[in-house]
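One structure is given below, encoded as structure tokens.
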Amino acid sequence: MHHSQINSDIRKLIAEGTVLPAHPLALTAERQLDKTHQRALTRYYIDAGSGGLAVGVHTTQFAIRDVGLYRPVLELAAETAASWTTRPLALVAGLAGPTSQATAEARTARDIGYHAGLLSLAAMRNASEDEIIAHCTAIAAEIPLVGFYLQPAVGGVILSSRFWQRFASIDNVIAIKIAPFNRYRTLDVLRGVAAAGALDRVALYTGNDDHILLDLMLPFDLRDNGVTTRTYFKGGLLGHWSVWTASAIKQFERCKAARHKDSVPADLLALDARVTDCNSAFFDVANNFHGCIAGCHEVLRRQGLMKGLWCLDPNEGLSPGQKQEIDRVTREHADLSDDAFVAANLSKWLA
């Protein structure tokens, strides 16, 4: 599927920028798929106002592939979305593994009705940039691609600006999730896309959970031979947005409104640090992100959107002290939560 075949409303949605929560995986105590709460999460994100869903990604747990849940989880999200709303939603499927696996996943996602694939390069960490470009090109022949610069702490590969120039030159690339949690590497991607002349075709999405709001509101000036090109992140595809999503969408709209203006309100700039503080607890920064998935589960469990913290890996859970950190940020930043919104709608989402 070429990006020209995507429904025009959805293609416009992705290009102009939107909120794409990274969909978690709801499990029972026996570590089986909890379909009731999985559906509830999808309905929650839709009713909160998200522009789509990212499913089968890091937050969904890459291990779904090892237990035969990749297709069922993607199907459940797509079916739930189709039955819950008629408005356009961008469906992005996580793609992982070596070329043969990622290509097969791209075909699966495309056949289910997903519009694009978010391509993890973790399996290519020992490959050359030439080999990675060949890998990406093969998968782009199957489905429009969203590139993924994942931070090394959770399996990402460090890549050059020249790599991102070559990647953005692949015709079927429509966006890049930039998530190295590193300002230098973030700029490498922006410079690469600009050098490819692809800023009009490739939408920039932040995945930098440590600077979400700054990425979304600030201009980036890129210089080449004395010529300045100003660009902006268009949207976000974030694990952090799997929680307190209704509040996050309001923040996103405030950031969009602040773009292209001569000044940004100081309170909006300050809000970036508060959101980052929340993320430090949810993503378990103190323990090098070990509890990042379980931390999001804990927030959703407290709201009733999940029954427990269970991950497919029994060794994956909250780190020592992480619960207390979540307690702290929940108390100190209570106004950033969407507890009231969830409480008012939970029963219908679980029905």
Inspect the surroundings of NZ in Lys261 and state if more than 12 heavy atoms from other residues, nucleotides or ligands are less than 6.0 Å away.
-> no
Please check if Phe62 and Leu238 belong to a single hydrophobic cluster, counting links between Ile, Leu, Val, Met, Phe, Trp and Tyr side chain heavy atoms closer than 4.5 Å.
-> no
On the 0 to 90° scale, with breaks at 30° and 60°, tag the Phe181-Phe283 ring pair as parallel, tilted or perpendicular.
-> parallel
Salt-bridge test for Arg254 and Asp267: reply yes if a basic N is under 4.0 Å from a carboxylate O, no otherwise.
-> yes
Euclidean distance, Tyr114 OH relative to Thr108 OG1, rounded to 0.5 Å | 11.5 Å
Any donor-acceptor pair under 3.5 Å linking the side chain of Arg65 with the backbone of Gly56?
-> yes
Flag the pair Ser319 / Glu325 as yes when at least one side-chain heavy-atom distance between them is below 4.5 Å, and no otherwise.
-> no
Is there a path from Leu214 to Tyr232 through hydrophobic residues (I, L, V, M, F, W, Y) whose side chains come within less than 4.5 Å of each other?
-> no
Which heavy atom of Leu27 sits nearest a heavy atom of Trp310, and at what distance?
-> O-CE3, 3.1 Å
Step by step, work out the side-chain contact (heavy atoms from CB on, under 4.5 Å) result for Ile14 and Val92.
-> CA-CA 10 Å; Ile14 295 170; Val92 178; 5.5 Å; no
Going only through I, L, V, M, F, W and Y residues with side-chain contacts under 4.5 Å, is there a path from Phe163 to Ile176?
-> yes
Could you go through the side-chain contact (heavy atoms from CB on, under 4.5 Å) check for Trp244 and Val275 one step at a time?
-> CA-CA 11 Å; Trp244 294 359; Val275 172; over 6 Å; no
Closest heavy-atom contact between Leu119 and Ala102?
-> CD1-CB, 4.2 Å
Quick one: does Arg191's side chain have a donor or acceptor within less than 3.5 Å of a partner on Asp224's backbone?
-> no
Just wondering, do Leu305 and Leu350 contact through their side chains at under 4.5 Å, heavy atoms?
-> no
CG (Asn172) and SG (Cys136) are apart, to the nearest 0.5 Å, by 12.0 Å
Residues Glu298 and Lys323 bridged, charged N to O under 4.0 Å = no
Can you find a pair of side-chain heavy atoms, one from Trp241 and one from Asp209, that are under 4.5 Å apart?
-> no
Where is the tightest heavy-atom contact between Tyr205 and Leu13, given as atom of each residue plus distance?
-> OH-O, 3.9 Å
Compare all side-chain heavy atoms of Ile293 with those of Pro24 and state whether any distance is below 4.5 angstrom.
-> no
Interatomic spacing from CD1 in Ile132 to CZ in Phe167 - rounded to 0.5 Å | 11.0 Å
Asp313/Arg31 salt bridge by N-O under 4.0 Å criterion = no
Angle class for the Tyr44/Phe341 ring planes (parallel below 30°, perpendicular above 60°, tilted otherwise)?
-> tilted
Test: Arg274 and Asp277 ion pair at under 4.0 Å = no
Expected output: side-chain Gln38 to main-chain Ala26 donor-acceptor under 3.5 Å = yes
With distance as the sole test, does Gln303 use its side chain to make a donor-acceptor pair with the main-chain N or O of Val342 at under 3.5 Å?
-> no
Trp349 versus Trp84: any side-chain heavy-atom pair under 4.5 Å?
-> yes
Check the pair Thr60, His23 against side-chain hydrogen bond (donor to acceptor under 3.5 Å, both in side chains), reporting the backbone distance first and the verdict last.
-> CA-CA 6 Å; Thr60 324; His23 205 308; 5.9 Å; no
Below 4.0 angstrom, N of the basic side chain to O of the carboxylate: do Asp130 and Arg166 qualify?
-> yes
Decide side-chain contact (heavy atoms from CB on, under 4.5 Å) for Arg302 and Ile326; before the verdict, give the C-alpha distance in whole Å, the side-chain angles of both, and the deciding distance to 0.1 Å.
-> CA-CA 11 Å; Arg302 294 181 186 200; Ile326 294 174; 3.7 Å; yes
Is the closest side-chain heavy-atom distance between Leu312 and Asp66 below 4.5 Å?
-> no
For Ala203, does its backbone N or O pair with a side-chain atom of Lys234 as donor and acceptor, under 3.5 Å?
-> no
Is there a donor-acceptor pair closer than 3.5 Å between any side-chain N or O of Glu316 and the backbone N or O of Gly291?
-> no
Just by modelled atom types, is the Gly117 backbone N or O under 3.5 Å from a matching donor or acceptor in the Arg110 side chain?
-> no
Any luck finding a side-chain donor-acceptor pair between Asp171 and His2 under 3.5 Å?
-> yes
Write down the atom of Leu25, the atom of Met306, and the distance for their closest heavy-atom approach.
-> O-CE, 3.1 Å
Is a side-chain N or O of Tyr45 found less than 3.5 angstrom from the main chain of Ser242, in a donor-acceptor match?
-> yes
With the side chain counted from C-beta on, respond yes when Leu145 and Leu95 share a heavy-atom pair under 4.5 Å apart, and no when they do not.
-> yes
Once you round to the nearest 0.5 Å, how far does CG of Asn7 lie from CG of Leu89?
-> 11.0 Å
When rounded to the nearest 0.5 Å, the distance separating OG of Ser100 from CD of Glu105 is 9.5 Å
Is the backbone of Thr80 close enough, under 3.5 Å, to the side chain of Arg39 for a donor and an acceptor to pair up by distance?
-> no
Classify the side-chain pair Asn287/His290 by whether it contains a donor and acceptor separated by less than 3.5 Å.
-> no
Step-by-step side-chain contact (heavy atoms from CB on, under 4.5 Å) determination, Leu336 to Leu271 = CA-CA 10 Å; Leu336 301 185; Leu271 184 58; 3.7 Å; yes
Salt-bridge present (Glu253, Lys250; N to O < 4.0 Å) = no
Flag if over 12 foreign heavy atoms under 6.0 Å of CG, Asp221 = yes
Partner of Ile178 under side chain to side chain contact (heavy atoms under 4.5 Å, CB included), chosen from Asp188, Asp215, Asn208 = Asn208
Return the minimal non-hydrogen interatomic distance between Thr276 and His211, and the atom names on each side.
-> OG1-N, 4.2 Å
Are any of the side-chain heavy atoms of Lys256 and Leu216 separated by less than 4.5 Å?
-> no
Which atoms form the tightest heavy-atom contact between Ala78 and Leu91, and what is the distance?
-> CB-CD1, 4.1 Å
Rounding to 0.5 Å, atoms CG (Asp272) and CE (Met217) come to a distance of 6.0 Å
